[in-house]
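Note sheet for the following structure.
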Amino acid sequence: MGDCQPMPQSPVPVFETADGISAETSVVVILQTARPSFGPRAAALDAEMSGILSRACSDPAALTESGTCIDLIAPQGVSARRVIVLALGKAEAVSALSLARAGGLLAAHLEGKCECAATLVLDPIDGIDLPAAEILARVALGMRLRRYRFDMRNRRQGAGADRTLRVRLVGASSEDLASALARINAIADGVEYARTLVNLPPNHLHPDNFHDHLEPLREAGIDVEILDAPRLKELGMNAILAVGSGSVRPPRVAVLRYRGKGAPSQPMAFVGKGVCFDSGGLCIKRGEQMFDMKADMGGAAAVVGLLIALARQGSPVHAVGILGIAENMPSGTALKPRDIITTASGQTVEVFDTDAEGRLILADCLYYAASRFNPSVIVDLATLTYSVMRGLGSVFAGLFSTDDEIASQMIAAGETVGERFWQLPLDKAYDEGLQSPFADLRHHAKDMEDGDAPYAAAFLRHFTEDRPWVHLDIAGKEMADADRPLGREGATAFGVQMLEEWVQARVN
């Protein structure tokens, strides 16, 4: 694989079930809601510490803010060196998302403290509508996601902080915890690998070597097929070929297939925009716009992460992933404004702004997914338009759908995991702005500043063969410019958790 190998990451935390607090544990973490008294395990530890624990938590406001860490040096005679009370907030406000965020804040609190063994202790809690195993597993998920690190330095500082953290979970049966952790670890595997793909610089991830980075899918039992440029030409996929025509690295399409035990014959299809670097082509971007364009393959990375998450937990689903992989570069052979392209569907498209390349790639990939696999639903993810960023800001990503029920399900799944979407209009009235006197379609609206996102969605709908379809415009959500509870600065893998939650809800 040469220079395409992902760089070393922080060791993944190891989670184990336990019956009680071990003498080998250096840190004991008590999971505590904002309630006036401790449960039996915490009360026993408080007695061993001569009431220090209860005094530290005596302020009623101390445990109200979820994720607050009350950190105590244990007195002599206590097996653990430190005891941390992790606040979960008010019981009625506890959710899967709040627990994960609390776990992330705990992981952040432990960073740099050279701790390598911890025990999370959960006593029975009234008022939380989640089983004990789920509570512990969601905290563990937050810890994993926050500890992820991408680092290409040959000389690292603070290497002691990279030691594997072993976390014992106390408070649920081993069987229930094993099941909950299997799913949580699979989700984290998918999120972390999707983040790695987006974090890789464009000289380490590009169309020539993208297939090498799909090895974790093969290891998870997912079939990987690569359609090279000659094959794309045979299939009439001239739109993606046109986008990649300015680069010395020709485009590819990756076809990923996973079918779990007992899954139906008809698959769900997930299409991802995989522009490894987007210069804008001949309509070149300004320098500051180009800086993060290595992340323009965030949609493809999310599809990869989703399939890893589903396969590694053995989900009984049938899923197909289609990744449109290209570089959008300026050169003498690059796509030009006013070019007319015949797409794989047979529809002709008149090109205007070459920086609106994503919808051209998706046009061929959507049609290929619909015509080859007869999917029950098609979902595409793409860092597609600036207008969705301007319209929705930093809180929501855009969602367009031909099926309002599916849209509602996805929005609810996003609220569960903290990846929020807002449904935007998908109306045939937008087709008026896509009329061309020379081709079947313009490839974007006449006025690009006139709310381009709905026009992009309207354009894409013409290539879905009337399948139930959801378009997720995740522009602006693929990278974070500062550390957050569930991740460091850098790639977010936005969309992986929402889609995993939505898929699991459909099969359960």
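Starting from 1, each residue takes its place in the sequence as its number.
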Heavy-atom side-chain proximity of His318 to Gln266 below 4.5 angstrom:
no
Just by distance, do the side chain of Asp176 and the backbone of Ala172 share a donor-acceptor pair under 3.5 Å?
no
Looking only at atom types and distance, does a side-chain atom of Ser401 sit under 3.5 Å from a main-chain N or O of Asp403, one as donor and one as acceptor?
yes
Does the side chain of Asn185 pick up a donor-acceptor pair with the side chain of Arg144 at under 3.5 Å?
yes
Phe396 and Val388, any side-chain heavy atoms less than 4.5 Å apart:
no
Is a donor on one side and an acceptor on the other found under 3.5 Å between the side chain of Glu489 and the backbone of Ala480?
no
Say you draw a straight line from CD of Glu134 to CG of Asp129; how long is it, rounded to the nearest 0.5 Å?
11.0 Å
Atom CZ of Arg168 and atom CZ of Arg166: how far apart are they, to the nearest 0.5 Å?
8.0 Å
For Gly51, is there any backbone N or O sitting under 3.5 Å from a side-chain donor or acceptor partner on Ser54?
yes
Got a sec, which pairs hit salt bridge (charged side-chain N to carboxylate O under 4.0 Å, His left out) with one end in residues 77-91, sequence neighbours left out?
Asp71-Arg82, Arg81-Glu115, Arg82-Glu115
Do Glu501 and Met410 come close enough that some side-chain heavy atom pair is under 4.5 Å?
no
Taking the side chain as every heavy atom from C-beta outward, state whether Arg257 and Ile222 have any atom pair closer than 4.5 Å.
no
For Leu31, which of Val170, Leu136, Val121 qualifies under side-chain contact (heavy atoms from CB on, under 4.5 Å)?
Leu136
Do the side chains of Arg183 and Glu500 get close enough for a salt bridge, i.e. N-O under 4.0 angstrom?
yes
Is any side-chain heavy atom of Val271 closer than 4.5 Å to one of Leu381?
no
Within the 4.5 Å heavy-atom criterion, are Asp296 and Phe277 side-chain neighbours or not?
no
In terms of side-chain heavy atoms, does His206 have a donor or acceptor partner in Asn209 at a distance below 3.5 Å?
yes
Polar side chain donor-acceptor pair, Ser315 to Tyr258, under 3.5 angstrom
no
Looking at Arg420 and Val395, would you say the former's side chain and the latter's main chain have a donor-acceptor pair under 3.5 Å?
no
Is the backbone N or O of Phe150 less than 3.5 Å from a side-chain atom of Arg195, with the two atoms forming a donor-acceptor pair by type?
no
Val83 and Leu45, any side-chain heavy atoms less than 4.5 Å apart:
yes
Do Asn328 and Ser279 meet the criterion of a side-chain donor-acceptor pair at a distance under 3.5 Å?
no
With distance as the sole test, does His109 use its side chain to make a donor-acceptor pair with the main-chain N or O of Ile84 at under 3.5 Å?
no
Ignoring hydrogens and angles, tell me if any N or O in the side chain of Glu415 forms a donor-acceptor pair with the backbone of Ile411 under 3.5 Å.
no
Is the backbone N or O of Ala453 less than 3.5 Å from a side-chain atom of Tyr386, with the two atoms forming a donor-acceptor pair by type?
no
Got a sec, which pairs hit ring pair (Phe, Tyr, Trp, His ring centres under 6.0 Å) with one end in residues 484-508, sequence neighbours left out?
Phe421-Phe494
Say whether, by atom type as modelled, one donor and one acceptor occur between the side chain of Asp380 and the main chain of Phe270 under 3.5 angstrom.
no
